[in-house]
Amino acid sequence: MSAPVPLLETRKLSKNFGGLRAIDNIDLSVETDETVGLIGPNGAGKTTVFNCVTGMSPPTSGDILYRGESLAGLRPDQVTARGISRTFQNIRLFREMTVIENVMVGSHCRARAGILGAVFRPKAVVKEEEELAAKALGLLRFVGLEGKADLWARQLPYGDQRRLEIARAMASDPSLLLLDEPACGMNPQETIALMELIRLIRDRGIAVLLIEHQMKMIMGISDRLVVLDHGTKIAEGTAEAVRADPAVIGAYLGKESIGA
Amino acid sequence: MTTPARSVALIRRPLSRIVLASLWFGLLSLPLMMESQAPFFGLRRPLLVSAGVAVIGVLRLAVSRRAGSGAGGVQRALGATGRAVHHLVGQIDRRLLYAVGLAAAALIPLGLNRYHIDILTQVGIYVTLALGLNIVVGLAGLLDLGYVAFYAVGAYAYGLLSTRVGLSFWEVLPLGALLAALFGVLLGIPVLRLRGDYLAIVTLGFGEMIRITLNNWDSVTRGPNGILGIARPKILGFTISTPIQYYYLILALVLLTVFVVERLNRSRIGRAWTAMRDDDVAAEAMGINLVKTKLLAFGLGATWAGSAGVFFASKMTFISPESFTFFESVIILCMVVLGGMGSVPGVILGAATLVILPEIMRQFALYRMLIFGGAMVVMMVMRPQGLVGSPRRKVALGPKDRPRPTAVS
């Protein structure tokens, strides 16, 4: 029996912006049911990796395999339909829609109703809409936003907006969830609740690839860490191994501190 | 809390605003009201306008100070009225409300003269147009300044097919709508990557292209002379010819439009449009195919302009490129924005207002456009979200409105 194919695998992934090499030959893999933390100083290329994987900015070279199949040339919506979903570092909710509608939009690619379905509203479409609404309510309950379904998305406090983004991303039934700094701007209690939420997401069988700056949090919930610096991978392994790695310490604290 | 300095500041800023506003309106009215022969060169009337504006400003200040803090009393009053109306509407059964509205629309014209019925028919045409544009601008957030082109496509489709091929109104109605939708998609393809200002300019150019083509393609469209003798619609051998008959025909078209647009709005497609309007990057990341969604918006928006065009041609029995100028696009856009982008009742109200108001103001002759423009400025400053702010499908999805399965694991 051959080795199982990883859920997500990048091979020599590189991305140039003009003359700038944002990421350089990144090899990265995420197994099913795994939580992987992607860390590194500002500008290390973490979000660029996300943008390449989700099809928002096609890589300059290298390949991205999802369940062994290449994602090259797919549009973001097609990548989402395959089962990869994401949140954004700077929250990007649909502000002029209600909370529940935001989540229902997340299920867009899992629903079928077209123009004729919308106009004539046959039983199948009514049922589909009810199922979408029920699923959205379930997800809102899951992330702790029950009772806020009919508020406008823009009315939510900051922490709730981050949770809503997670619910919306989960609505497309992903197998892999990419979270871009979900704890950014959260207070300690909210961060703890978020860690708990990410554990619950993993318990649902969803693999998580996570960018985060709060070390305590990312070390606490990741099975494995990948460290980027200046677009290259400088370390990989468990939290303990990474924390002791001289290259990582150098990247975060400056080269001089290694000798100190 | 209220220190003397603070209260002085509170008064001073609104006061200077009142003075500036009254001077501004006085200045605006100068060219219209000044007469060199009259005593004091007729400056009395501009001064009266200034005084009137000042009085309104002071009243507004007094109201807002009584109501609480700062300025914006009128705004609050308008907002409160809107909320009250919403609340009332929420209280009454929707079906009853629709029934009353429909009965009014069906019965009131019976007691009116031909002139008034003609105006109502025009309202109907513009409601259909504005509801179609509302899909593109209000729901999908794509600024389209060439919308009148699709209206022209529908009108010329009927004009040509009726006079040259001899097709009937009922055959061309779906055909013209389809043709307009096709043009909508054709316009959509090159502008897929454009947004905002750029999109507006390209659509403007497209609208002009259609009009200029119609104006110059003499062998087919007869250019500026237009097409004469377009057949009137027939139902079972009975020809529609009087204003009231046309009114009922357009009423039926409006009802169809309202029904379809409302259902699209509350569907998965409607959600995709609004999501794209709010944030297209996030929408694409959530699995929405932007190309398909945009083309759907352009196509389905143009459909209604096309059918309105067919109706227009059948009513006038004469069409020429003059009816499809850029100004028409702008007026339709104003209806959507003034009424409230994305809101179906709002857009209907906006269309009715912008057709009926200029008619009512005919007696003011010269001042008509001044008052009209002033009203638009005041409206947009006071209430930028339009007459009826768009309550996005909130009610329909709310748990109170419709019972739905609750338990989800």
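These numbers come from the heavy atoms of this one structure, side chains and all, not from hydrogens, waters or symmetry mates. Below, chain A is the first sequence line, B the second, and so on; all start at residue 1.
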Novice: For chain A, find its close neighbours in residues 289-299 of chain B: heavy-atom separation under 4.5 Å, sorted by number, or none.
Specialist: B/Asn289, B/Leu296

Novice: Against chain B, label A/Ile115 side chain, backbone, both or neither, depending on which of its atoms sit under 4.5 Å from a heavy atom there.
Specialist: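 Its backbone and side chain both get close to chain B.
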
Novice: Specify which of A/Glu128, A/Arg95, A/Gln78, A/Arg112 makes the most heavy-atom pairs with chain B at under 4.5 Å.
Specialist: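 Ranked by contacts with chain B, first place is A/Arg112.
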
Novice: Tell me which of these, A/Gly106, A/Ala113, A/Gly114, has more heavy-atom pairs under 4.5 Å with chain B than the rest.
Specialist: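 Option with the greatest count: A/Ala113.
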
Novice: Evaluate the side-chain proximity of B/Leu333 to B/Leu143: yes if any heavy-atom separation is below 4.5 Å, no if none is.
Specialist: yes

Novice: For each of A/Glu165, A/Arg86, A/Arg75, tally heavy-atom pairs with chain B at distances under 4.5 Å, and name the one with the top tally.
Specialist: A/Arg75

Novice: Which atoms of B/Ile288 are under 4.5 Å from chain A, going by heavy atoms: the side chain, the backbone, both sets, or neither?
Specialist: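 For B/Ile288, the contact with chain A is made by backbone and side chain together.
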
Novice: For A/Ser175, check side chain to side chain contact (heavy atoms under 4.5 Å, CB included) against everything at least two apart and list the hits.
Specialist: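 Counting only residues at least two positions away or on another chain, A/Ser175 forms a side chain to side chain contact (heavy atoms under 4.5 Å, CB included) with A/Leu7, A/Tyr66, A/Arg67.
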
Novice: Is it the side chain or the backbone of A/Phe142 that comes within 4.5 Å of chain B heavy atoms, both, or neither?
Specialist: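 Neither part, no heavy atoms under 4.5 Å.
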
Novice: Determine, step by step, whether A/Asn102 and B/Arg271 satisfy the side-chain hydrogen bond (donor to acceptor under 3.5 Å, both in side chains) criterion, reporting the C-alpha distance in whole Å, the side-chain angles of both residues, the deciding distance to 0.1 Å, and the verdict.
Specialist: CA-CA 9 Å; A/Asn102 265 272; B/Arg271 275 196 305 272; over 6 Å; no

Novice: For the pair A/Arg202 and A/Asp33, find out whether any cationic side-chain nitrogen is under 4.0 Å from an anionic carboxylate oxygen.
Specialist: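 Here A/Arg202 does not pair with A/Asp33 in a salt bridge, since their nearest N and O are not under 4.0 Å apart.
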
Novice: Taking A/Lys46 for the side chain and A/Gly40 for the main chain, is one N or O donor matched with an acceptor at less than 3.5 Å?
Specialist: yes

Novice: Sub-3.5 Å donor-acceptor pair from the side chain of A/Ser29 to the main-chain atoms of A/Pro6, do we have one?
Specialist: no

Novice: With a 4.5 angstrom heavy-atom cut-off, which part of A/Ala111 approaches chain B: side chain, backbone, both or neither?
Specialist: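 Contact with chain B is through both the backbone and side chain of A/Ala111.
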
Novice: Salt-bridged, A/Glu96 to A/Arg154, with N to O below 4.0 Å?
Specialist: yes

Novice: Donor-acceptor pair, A/Lys135 side chain versus A/Ala171 backbone, under 3.5 Å?
Specialist: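 Answer holds: yes.
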
Novice: Decide salt bridge (Lys or Arg N to Asp or Glu O under 4.0 Å) for A/Arg92 and B/Asp279; before the verdict, give the C-alpha distance in whole Å, the side-chain angles of both, and the deciding distance to 0.1 Å.
Specialist: CA-CA 7 Å; A/Arg92 305 192 81 135; B/Asp279 189 329; 2.8 Å; yes

Novice: Hey, which of A/Ser107, A/Cys109, A/Ala81, A/Pro76 has the most heavy atom pairs under 4.5 Å with chain B?
Specialist: A/Pro76

Novice: Please indicate whether A/Arg110 has more than 12 foreign heavy atoms, meaning atoms of other residues, nucleotides or ligands, lying under 6.0 Å from its CZ.
Specialist: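 Yes, enclosed.
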
